[in-house]
Amino acid sequence: MGTTWKRVVLSLGGGVLLADKEGRMFKGYAEAIKSINNELELFVIVTGGGEYARNYISMARNCGLNEKKQDMMGIAITRVNALLLSFMLEWNEKVPESYEDAVRIARKTSRLVCGGMKPGQSTDKVAADLAAMLDADIVLNATRIEGLYDRHPSQPGARLLSEATYSQMREILVGEEQSPGKYALFDLKAIDLLESKGIPLVIFDGRKVENFVRVMHNQPVGTIVKP
Ligand code: UTP
């Protein structure tokens, strides 16, 4: 069975990639991506920085660096993750450092792995930006939670939603922290952009690589968020 989505942007959380420090998640994703790669017209992967980014951000903060520079440390780490995954896939040999370069490579080769782009946002926003620039069908967010809950999952009675709208998602996430190393479930600016462009988003537990393959075949996993 072919994949449902053909023009895909995957926001692959650092928390997922670094869930195993021996590289098993990188290997698992590289294999899964190779197994479906031929079916896709466009495949862009944006890697997060996870715990390593947060460690460097906190060191930078302790060293007295401002938020912009803390973000720049975070971005550097997201790019290290991108380089490792890209080498494994034998895609781009360099990680682009601007949207312009990212779009140029993606248009030319239809395959790209990149990390962060500029201070003041998370890699989820990069994924949304590139999805809008490259006319993606879908953004997939591989993260460390099963999907979107109707309230903070630590609250009693929290229920996992299989479907939601962007306005519901915004209401649920409003008030959550958005600062270096601390973007809650999803970057709020990315929600606004995806909604305005009419691009759906699937949030799923990326710690199980098989979930990624299921999402690609439109099997019910996590939460689908629609405009
Ligand atoms: P992530 O996007 O990985 O942050 O980028 P996150 O959402 O906190 O973490 P995970 O990966 O989902 O666990 C790491 C940090 O790098 C900076 C931000 O400080 C972000 O928190 N960053 C990233 C930017 O400033 N700009 C970008 O375009 C991307």
Side-chain angles (χ1 to χ4, degrees), residues 9-21 23 25-26 29 44-86 95-103 105-106 112-134 139-148 152-153 169 173 176-194 201-208 211-212 222-223 225:
V9 177
L10 169 65
S11 179
L12 187 46
V16 168
L17 284 171
L18 301 172
D20 169 87
K21 302 289 192 299
M25 296 306 294
F26 279 91
Y29 270 94
V44 172
I45 303 169
V46 186
T47 53
E51 188 189 333
Y52 290 172
R54 280 191 292 279
N55 288 345
Y56 269 92
I57 288 167
S58 128
M59 274 201 279
R61 191 182 307 116
N62 295 342
C63 293
L65 299 192
N66 64 24
E67 282 207 351
K68 183 177 174 196
K69 289 188 173 134
Q70 293 169 31
D71 278 339
M72 288 164 75
M73 299 304 300
I75 293 170
I77 301 297
T78 65
R79 290 179 180 158
V80 171
N81 285 337
L83 193 61
L84 177 53
L85 186 62
S86 194
V95 176
E97 301 197 351
S98 68
Y99 282 110
E100 205 185 356
D101 282 351
V103 168
I105 299 170
L112 172 72
V113 188
C114 68
M117 290 292 169
K118 59 172 197 183
Q121 59 181 28
S122 79
T123 47
D124 295 333
K125 175 65 168 34
V126 176
D129 285 330
L130 291 175
M133 291 171 192
L134 294 162
V139 173
L140 308 180
N141 183 29
T143 185
R144 272 181 311 166
I145 190 165
E146 286 73 18
L148 180 67
H152 196 281
M169 183 175 179
L173 297 185
E176 301 241 332
E177 198 168 349
Q178 307 259 306
S179 63
K182 289 183 184 151
Y183 288 87
L185 178 62
F186 206 73
D187 190 321
L188 291 170
K189 288 189 221 113
I191 297 177
D192 296 344
L193 178 63
L194 293 176
L201 164 73
V202 179
I203 301 164
F204 65 97
D205 187 347
R207 292 167 301 184
K208 297 188 186 113
N211 281 346
F212 161 69
T223 308
V225 188

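In each ligand, atom 1 is the first atom listed, and ligand 1 is the first ligand listed.
- The distance from atom CZ of F26 to atom CG of L84, rounded to the nearest 0.5 Å, is 4.5 Å.
- With a heavy-atom cut-off of 4.0 Å, T78 touches ligand 1 through its side chain alone.
- The nearest protein atom to atom 27 (C) of ligand 1, hydrogens excluded, is given as K118 O, 3.4 Å; this is a heavy-atom distance.
- Contact analysis puts R54 in contact with ligand 1, with a non-hydrogen atom separation below 4.0 angstrom.
- Of all heavy-atom pairs spanning E51 and L18, the tightest one is N-CD1, 4.1 Å.
- For Y99 against L130, the heavy-atom pair with the smallest separation is CD2-CD2, 3.9 Å.
- Some N or O of M117 is nearer than 3.5 Å to an N or O of ligand 1, by distance alone.
- Annotation for ligand 1: atoms under 4.0 Å from non-hydrogen atoms of G15 are 11 (O), 13 (O).
- If you number the atoms of ligand 1 from 1 as listed, the ones under 4.0 Å from a heavy atom of G48 come out as 3 (O), 11 (O).
- Each of the atoms 28 (O) of ligand 1 lies under 4.0 Å from some heavy atom of V126.
- Across all their heavy atoms, V139 and A131 have their closest contact at CG2-CB, 3.5 Å.
- Geometrically, ligand 1 and G14 share a nitrogen or oxygen pair separated by less than 3.5 Å.
- Counting all heavy atoms, side chain and backbone alike, A127 lies closest to V46 at CA-CG2, 3.9 Å.
- For the residues A190, G116, G13, the heavy atom positioned nearest atom 29 (C) of ligand 1 is part of G116.
- Interatomic distance, D124 CG to I203 CD1, rounded to the nearest 0.5 Å: 9.0 Å.
- Scanning the protein heavy atoms around atom 1 (P) of ligand 1, the nearest turns out to be T123 OG1, 3.5 Å.
- At the top of the distance list for atom 17 (C) of ligand 1, counting protein heavy atoms only, stands D71 O, 3.7 Å.
- Smallest separation of non-hydrogen atoms from V126 and C114: CG1-SG, 4.3 Å.
- For ligand 1, the atoms lying closer than 4.0 Å to a non-hydrogen atom of G120 are 25 (O).
- Looking from atom 21 (O) of ligand 1 to the surrounding protein, the closest heavy atom is G181 N, 2.6 Å.
- The single protein non-hydrogen atom nearest to atom 4 (O) of ligand 1 is S122 CB, 4.3 Å, given as residue, atom name and distance.
- For the pair N211 (side chain) and D205 (backbone), a donor-acceptor distance under 3.5 Å is present.
- Looking only at side-chain heavy atoms (C-beta outward), K118 and K68 stay at 4.5 Å or farther from each other.
- The CG atom of L148 sits 10.5 Å away from atom CG of N141, with the distance rounded to the nearest 0.5 Å.
- Around atom NZ of K189, more than 12 heavy atoms belonging to other residues, nucleotides or ligands sit under 6.0 Å away.
- Annotation for M72: atom CE does not count as buried by contact number, only 12 or fewer foreign heavy atoms lying within 6.0 Å.
- Among protein heavy atoms, atom 24 (C) of ligand 1 sits closest to Q121 O, 2.9 Å.
- Ligand 1 places these atoms under 4.0 Å from at least one heavy atom of G50: 3 (O), 10 (P), 11 (O), 13 (O).
- Every atom of ligand 1 with a heavy atom of I57 under 4.0 Å away is listed here by number and element: 15 (C), 19 (O).
- In terms of polar-atom proximity, defined here as any N/O pair under 3.5 Å, Q70 makes no such contact with ligand 1.
- The shortest contact between atom 3 (O) of ligand 1 and any protein heavy atom is with G49 N, 2.7 Å.
- For the pair P96 and M117, the tightest heavy-atom approach, listed with the atom from each and the gap, is O-CE, 4.0 Å.
- Residue P119 has at least one heavy-atom neighbour below 4.0 Å for each of these atoms of ligand 1: 25 (O).
- Protein non-hydrogen atoms do not reach within 4.0 Å of atom 6 (P) of ligand 1.
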